Amino acid sequence: CWEMLDNMEQIGKIRQSTGDTLAELIERGRIMGKENCIFCKIANGGIPSSTIYEDEDFRVFLDLNPATKGHALIVPKVHYADLFELDDELAVKAILLAKRLAERMKDALGCDGFNLVQNNGAAAGQTIFHFHLHLIPRYEQDGAGIAWNPGKVSSEELKELVQLISET
Ligand code: AMP
Ligand code: ZN
């Protein structure tokens, strides 16, 4: 079936980019289908959710363990494990949708600020391995701990990093 062929192509791409065996990918939750991924099920309506927006590409629903009042998740209906796999066109659509919904939520909830958060990989705090973008309304003194400890970096390290990362 076409869906399976698509899936095989996708798996091939992931294997090429990560160098993992099929078994390793499955174990790490990088390969999932509609059958065993909770966000596939929710996004496609198989499991009920508190949906605040839906179109042909995405479902947006309220997080069950919210960081703040109104915390929601933009979830594509097609399975992509993370940002590295996400289709370019969907990435553009997701950020435009985030902008629209942030404006709407700011009006509706009267929040004082807004965080867009997007985790990739367990090391980055990702727990559900189906791409999602967190919409987190912020309120003065809401106590939500979305922060890091500011570190230090030397000018040599900065130069090295520019060498390593810059595209030009
Ligand atoms: P992350 O840590 O970036 O992978 O975020 C996963 C988010 O999904 C967390 O904020 C969870 O609270 C949320 N979550 C997990 N299961 C559900 C669910 N069934 N419905 C709504 N939100 C969920
Ligand atoms: Zn999924």
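Please read these numbers as outputs of a predicted model, since none were measured by experiment.
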In this structure, CD1 of I128 is separated from CG of N119 (nearest 0.5 Å) by 11.5 Å
Taking a hydrophobic cluster as the set of Ile, Leu, Val, Met, Phe, Trp and Tyr residues connected by side-chain heavy atoms closer than 4.5 Å, whether directly or through intermediates, do L101 and I136 fall within one such cluster? no
Looking at CD1 of I42 and CG of N44, how far apart are the two atoms once the value is rounded to the nearest 0.5 Å? 10.5 Å
Can you check whether H130 and H132 have ring centres sitting under 6.0 Å from each other? no
Full working for side chain to side chain contact (heavy atoms under 4.5 Å, CB included) between D82 and F129: CA-CA 7 Å; D82 55 27; F129 295 90; over 6 Å; no
Check whether more than 12 heavy atoms from other residues, nucleotides or ligands sit under 6.0 Å from atom CG of D107, and answer yes or no. yes
Shared hydrophobic cluster for L109 and L133 (ILVMFWY, side-chain gaps under 4.5 Å): yes
Shortest non-hydrogen contact from P137 toward D142: O-OD2, 4.2 Å
List the atom of L83, the atom of Q118, and the distance in Å for their closest heavy-atom pair. CB-OE1, 3.7 Å
Heavy-atom distance under 4.5 Å between the side chains of H134 and L73, does that happen here? yes
Compare every heavy atom of A72 with every heavy atom of I52, then report the nearest pair and how far apart it is. CD1-CB, 3.9 Å
Any side-chain to backbone donor/acceptor pair from E157 onto V153? Under 3.5 Å, distance only. no
Distance in Å, F114 CZ paired with K99 NZ, rounded so as to fall on 0.5 Å steps: 12.5 Å
Given 3.5 Å as the limit, does a donor-acceptor pair link the side chain of E85 with the main chain of F131, or not? no
Given the options D112, N115, T68, R138 meets side chain to side chain donor-acceptor pair (under 3.5 Å) only with N115
To the nearest 0.5 Å, how far apart are NZ in K93 and CG in D87? 8.5 Å
If you look at every heavy atom in D55 and K77, which pair is closest and at what distance? O-NZ, 2.8 Å
Please give me the minimum heavy-atom distance between L90 and P76, naming the atom from each residue. CD1-CB, 4.1 Å
Give, for atom CG of L161 and atom CD of E156, the distance between the pair rounded to the nearest 0.5 Å. 11.5 Å
Check: I95 and L116 side chains under 4.5 Å, non-hydrogen atoms: yes
Look only at the side chain of Y53 and the backbone of L97, and say whether a donor-acceptor pair between them is shorter than 3.5 Å. no
Would you please classify the geometry between the F61 ring and the F39 ring as parallel, tilted or perpendicular, with 30° and 60° separating the classes? perpendicular
